[in-house]
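Since the model is a prediction, treat every value here as computed from it, not as a measurement. In listed order, ligands and their atoms are each counted from 1.
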Amino acid sequence: AQSETLTRMVNVILLGPPGAGKGTQAELLVKTHGLVQLSTGDMLRQAKASGSELGKRVAEVMERGELVTDDIVIGLIKEKLSDTKAKGFIFDGFPRTLAQADALGALLEEAGVTLSAAIELQVNDKILVERILHRAEQARAAGQPVRADDNEETLVQRLEAYHAQTAPLIDYYASKGVLKPVDAMGEIDAIAGELAAIVSQASA
Ligand code: B4P
């Protein structure tokens with residue numbers, strides 16, 4: 001199995017705009033490489049679903065398509081990093097700002113581990129919009145709840161937040177020599193193959 005080829009801890013970031021396939025690809029890497037997925041989006045949606053104070057605070061922000069404050073998401077990630085048995089982590093949708101990137105760098109250094117790669121999933125805005133609206137349609141057709149931020153109006157704001165606040169991380173990780181750009185406009189399985197190769201190389 002591919003997971004047996006892992007010889008050291010691998011920590012990868014999945015970077016990319018909404019609909020780039022971060023969640024989709026992270027789940028596949030969990031299956032093939034046994035890494036632990038840390039999705040701040042999922043954690044925030046769970047907080048919202050639980051009806052907790054935190055959930056109430058973040059729900060509106062997410063529905064507007066804006067970013068939740070750095071303190072909140074950094075706090076969520078910090079809690080999860082204490083899983084010392086993990087073979088490595090996939091940071092899915094985190095960091096999304098330079099402050100978050102600095103905080104992650106400090107946390108990893110503290111834990112004595114390095115960042116193996118920041119994988120940038122490259123997809124143009126037209127395809128992103130199609131994918132997100134398709135996800136909403138599929139959920140509706142299946143009688144499942146549609147994500148509160150999967151509509152055209154919120155999506156415009158999510159894309160704006162990405163370009164203004166998250167895209168600068170591409171240069172940030174390039175300057176650290178860990179950026180791996182991947183064309184993520186093709187088939188899910190083909191992209192998964194490229195990501196698996198990057199992770200295997202990082203763990204060899
Ligand atoms: P996220 O949950 O991260 O949502 P996302 O960016 O839309 O990505 P997601 O993983 O869900 O979708 P994917 O691309 O896999 O964030 C939601 C909100 O939470 C943010 O707007 C923000 O408010 C808040 N938040 C989260 N993290 C934060 C942070 N660190 N700081 C501040 N705020 C934060 O998939 C989309 C669709 O495309 C799916 O239907 C999938 O099936 C499809 N798809 C994927 N790959 C495909 C392919 N190759 N071909 C065709 N379809 C594909």
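The list of salt bridge (Lys or Arg N to Asp or Glu O under 4.0 Å) pairs with a residue in residues 101-129, not counting sequence neighbours, reads K126-E130.
Inspection of the H33 and S203 side chains reveals no N or O donor paired with an N or O acceptor under 3.5 Å.
Using modelled atom types, no side-chain atom of T154 and backbone atom of R64 make a donor-acceptor pair closer than 3.5 Å. Proximity of a side-chain donor or acceptor of K87 to a complementary backbone N or O of V10 within less than 3.5 Å is not detected.
The salt bridge (Lys or Arg N to Asp or Glu O under 4.0 Å) check on E27 picks up nothing, with sequence neighbours excluded.
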Would you tabulate the side-chain donor-acceptor contacts of residues 174-199 under 3.5 Å, counting partners in other chains and residues two or more places apart, or write 'none'?
| from | atom 1 | to | atom 2 | distance (Å) |
| --- | --- | --- | --- | --- |
| S175 | OG | Y172 | O | 2.8 |
| D183 | OD1 | M185 | N | 2.9 |

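The 4.0 Å heavy-atom shell around ligand 1 contains residues P18, G19, A20, G21, K22, G23, T24, T40, G41, L44, R45, M62, E66, L67, V68, V73, G93, F94, R96, Q100, R131, R135, R147, D149, R158, G186, I188, I191, ordered by chain and number.
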